[in-house]
Enquirer: 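Take a look at this one; I'll ask things after.
For the single chain, residues carry numbers from 1 onward in sequence order. Source: prediction; values computed, not measured.
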Amino acid sequence: MRIEVIKREENLLEFYLEGEDHTFANLLNEVLHENEHVKFAGYTIEHPVLMARKPRFKVVTDGKVKPEEVLEEAAQKIFDRARVLLDAWKKALKG
């Protein structure tokens, strides 16, 4: 995964999420929407035949926190949830 920043302002961040598709992009988008400071979060994937398939994200906050901060929080939430799933899976396999 690689992040290519397209545009960065005080409460706006646009970036490409290279090496990913709808699967991870949708998860990230959903977790971003859980943050009360996110006013808009969305992504698009340009036509897969004509362009490289990479989600283009746009995140806008209310200005109380920076977009980079909400992205860090979302990444941590995704990591934590994956850890819970992994622990539950290990427990189920033992049982």
Enquirer: Can you classify the ring geometry of Phe57 versus Phe15 as parallel (below 30°), tilted (30 to 60°) or perpendicular (above 60°)?
Expert: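 The arrangement is parallel - the two ring planes meet at less than 30°.
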
Enquirer: Please test Arg81 against Ile78 for side chain to side chain contact (heavy atoms under 4.5 Å, CB included), starting from the C-alpha separation and ending with a verdict.
Expert: CA-CA 5 Å; Arg81 290 175 186 174; Ile78 291 168; 5.9 Å; no

Enquirer: Under a single-linkage definition using a 4.5 Å side-chain heavy-atom cutoff for Ile, Leu, Val, Met, Phe, Trp and Tyr, are Phe40 and Leu12 assigned to the same hydrophobic cluster?
Expert: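 In one cluster with Phe40: Leu12, yes.
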
Enquirer: Within the 4.5 Å heavy-atom criterion, are Glu20 and Tyr43 side-chain neighbours or not?
Expert: no

Enquirer: Under 4.5 Å between side-chain heavy atoms, counting indirect links through other Ile/Leu/Val/Met/Phe/Trp/Tyr residues: same cluster for Leu28 and Ile3 or not?
Expert: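 Yes: a chain of side-chain contacts under 4.5 Å links Leu28 to Ile3.
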
Enquirer: So which atom in Val70 and which in Leu32 form the shortest heavy-atom distance, rounded to 0.1 Å?
Expert: O-CD2, 3.8 Å

Enquirer: Would you say the side chain of Glu14 lies within less than 4.5 Å of the side chain of Val5, judging by non-hydrogen atoms?
Expert: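 Side chain of Val5 against side chain of Glu14, heavy atoms only: no contact under 4.5 Å found.
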
Enquirer: Are Val59 and Ile45 connected, step by step, through hydrophobic side chains (Ile, Leu, Val, Met, Phe, Trp, Tyr) whose heavy atoms are closer than 4.5 Å?
Expert: yes

Enquirer: For residues Lys39 and Asp62, report the shortest heavy-atom separation together with the two atoms involved.
Expert: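 Looks like CE-CB, 3.5 Å.
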
Enquirer: Please assess Asn11 against Val60 for the test side chain to side chain contact (heavy atoms under 4.5 Å, CB included), listing each intermediate value before the final yes or no.
Expert: CA-CA 6 Å; Asn11 67 329; Val60 179; 4.0 Å; yes

Enquirer: List the steps, then state whether side chain to side chain contact (heavy atoms under 4.5 Å, CB included) holds for Lys58 with Lys7.
Expert: CA-CA 9 Å; Lys58 182 175 183 178; Lys7 186 176 185 179; over 6 Å; no

Enquirer: Tell me, with the steps shown, if Glu69 and Lys66 meet side chain to side chain contact (heavy atoms under 4.5 Å, CB included).
Expert: CA-CA 5 Å; Glu69 293 172 308; Lys66 294 183 178 191; 3.7 Å; yes

Enquirer: Salt bridge check, Lys77 against Glu34: does any charged N sit closer than 4.0 Å to a carboxylate O?
Expert: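 Looking at Lys77 together with Glu34, the answer is yes, because their closest N to O distance falls below 4.0 Å.
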
Enquirer: Whether the side chain of His33 engages the backbone of Ala41 through a donor-acceptor N/O pair (distance < 3.5 Å, no angle test) should be reported.
Expert: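 Here the side-chain-to-backbone pair exists.
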
Enquirer: What pair of heavy atoms forms the shortest contact from Asp21 to Pro55, and how long is it?
Expert: O-CG, 4.0 Å

Enquirer: With a 4.5 Å limit on heavy-atom distance, are the side chains of Glu18 and Met1 in contact?
Expert: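 A side-chain contact is absent here, since even the closest heavy-atom pair is not under 4.5 Å.
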
Enquirer: So do Lys54 and Leu17 actually touch side chain to side chain, heavy atoms under 4.5 Å?
Expert: no

Enquirer: Can you measure from NE2 (His22) to CG (Asn29) and round to the nearest 0.5 angstrom?
Expert: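 Answer rounded to 0.5 Å: 11.5 Å.
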
